[in-house]
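This one's a predicted model, so the numbers in the text were calculated from it and none came from an experiment. Note: hydrogens, waters and symmetry copies are ignored here, and every other heavy atom, side chains too, is used.
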Amino acid sequence: MAEEEREEIQLTEVEEAAVEENIAVEEDAAEEQRLVGSDSEEAHSELAASDIGAYGDHIIEGFSVESNVRKVSTYIKLPEKVAKYILAVLYLAVGVLCAAIPERIEFALPYIVGGAMAAVAITQFIFAIVKKEYRDTHTNKTAGSLIVLGLSVMIIIEHQWAHTFIPIVWGVIGLFEGAHAFNHAISRISRGMRSAYYIIKGIIEVVVAFLLLYEPEQYGELHIIVFGVSLMLDGITTLPIVKNFVAKR
């Protein structure tokens, strides 16, 4: 009888030890999971910060001539070389108008910007519906185009507000443009290539951007002139002959 009791006590002690061991293992696993989760959150934060840092470049690349050439070539089914010549002429024509009559351009700015935004938003919305883009949660062209369309209507209707809003947005984009240009300059310097064009472009973009953010209504015409000159340069450098020549420098 006493021997059975001793065996029962020993079994109880073994069970308690096993339970304690399981608890310790579970606590270690929970701690490890917490640390892994912490590392994942930290990595996610670093990735988010990296994305924010690169977001400006993403915006500028989206508005670049090269991006527009690809879009025209894809949607209109034109050879890329033909699309480059068409956009080069278009950029040159608009650039000359901006540099020659900036005061008239500024007066009609809400109609020009609002109308262009509305046209792009409607076109994007139609293509998004046709391709059923709304089924994918990783893109938002369907909903985004509707929001842009609403903003374009507001810009057209509210003239006084638009003349302040547009230069401020241009100023922010100008900062991204300046950073983008300086990035190209640094990259070219590191490879022993000429970088004067990108350095000058970056300085001008940043200076005009700060002026627009400081006095958006006062420096509107100045930015239109700079914008026109920039369009003309983009149009010239889009020409395949000129582009190939500049790329080798």
Side-chain angles (χ1 to χ4, degrees), residues 55-69 71-72 75-76 86-129 139-181 201 204-235 238:
Y55 194 62
D57 271 356
H58 180 69
I59 293 174
I60 300 307
E61 291 291 347
F63 286 114
S64 67
V65 185
E66 292 79 9
S67 176
N68 290 328
V69 166
K71 290 174 184 176
V72 170
Y75 293 135
I76 308 181
I86 292 174
L87 283 180
V89 173
L90 183 62
Y91 272 57
L92 282 169
V94 176
V96 169
L97 286 175
C98 289
I101 50 172
E103 66 284 347
R104 296 184 182 180
I105 297 292
E106 185 184 25
F107 178 77
L109 201 58
Y111 295 109
I112 296 172
V113 174
M117 287 175 61
V120 171
I122 292 171
T123 303
Q124 181 174 276
F125 180 76
I126 292 172
F127 275 101
I129 294 297
T139 58
N140 61 351
K141 291 182 179 180
T142 306
S145 59
L146 293 175
I147 293 173
V148 172
L149 181 61
L151 180 60
S152 67
V153 172
M154 187 175 178
I155 289 173
I156 293 173
I157 294 175
E158 295 292 337
H159 281 220
Q160 190 65 34
W161 171 80
H163 280 291
T164 302
F165 173 74
I166 294 172
I168 290 175
V169 173
W170 271 354
V172 174
I173 294 176
L175 294 178
F176 291 148
E177 284 271 14
H180 192 70
K201 179 178 173 65
I204 294 173
E205 290 286 358
V206 170
V207 170
V208 174
F210 276 113
L211 290 175
L212 285 173
L213 292 172
Y214 182 67
E215 291 286 350
E217 295 179 355
Q218 183 176 348
Y219 294 101
E221 285 188 22
L222 173 62
H223 182 266
I224 291 172
I225 295 172
V226 173
F227 181 63
V229 174
S230 177
L231 284 179
M232 286 188 283
L233 290 173
D234 286 341
T238 301

Verdict with supporting geometry, Tyr91 and Leu233, side-chain contact (heavy atoms from CB on, under 4.5 Å): CA-CA 9 Å; Tyr91 272 57; Leu233 290 173; over 6 Å; no
What distance do Leu92 atom CG and Leu87 atom CG have between them, rounded to the nearest 0.5 Å? 11.0 Å
When every non-hydrogen atom of Ala88 is compared with those of Gly235, the smallest separation belongs to CB-O, 3.2 Å
When rounded to the nearest 0.5 angstrom, what distance separates CD in Glu177 from CH2 in Trp170? 12.0 Å
Separation between CD1 of Ile156 and OH of Tyr111, rounded to the nearest 0.5 Å: 8.5 Å
Quick check: closest heavy atoms across Ala209 and Gly171, and the distance to 0.1 Å? CB-O, 3.2 Å
Gap between atom NE2 of His163 and atom CD1 of Ile155 - 0.5 Å precision: 11.0 Å
Side chain to side chain, Asn140 and Ile147, heavy atoms closer than 4.5 Å: no
More than 12 foreign heavy atoms under 6.0 Å from CD of Glu103: is that the case here? yes
Do the non-hydrogen side-chain atoms of Asp234 and Ser230 ever get within less than 4.5 Å of each other? yes
To the nearest 0.5 Å, atom CG of Leu212 lies from atom CD of Gln218 at 10.5 Å
Separation between CD of Glu106 and CD of Glu221, rounded to the nearest 0.5 Å: 5.0 Å
In the structure I gave you, are the side-chain heavy atoms of Pro102 and His223 within less than 4.5 Å of one another anywhere? no
Nearest heavy-atom neighbours spanning Gly228 and Cys98: CA-CB, 3.6 Å
Looking only at heavy atoms, the pair that brings Ala128 and Thr142 closest together is CB-OG1, 3.4 Å
So which heavy atom on Gln124 is nearest to which on Ser145, and how close? NE2-CB, 3.7 Å
If you compare all heavy atoms of Ile105 against all heavy atoms of Ile112, which two are closest, and at what distance to 0.1 Å? O-CD1, 4.1 Å
Evaluate side-chain contact (heavy atoms from CB on, under 4.5 Å) for Leu222 paired with Leu211, printing each intermediate quantity in order. CA-CA 9 Å; Leu222 173 62; Leu211 290 175; 3.9 Å; yes
Would a 4.5 Å heavy-atom cut-off, applied to side chains only, mark Met154 and Trp161 as touching? yes
Quick one: are Val226 and Ile204 in side-chain contact, heavy atoms under 4.5 Å? yes
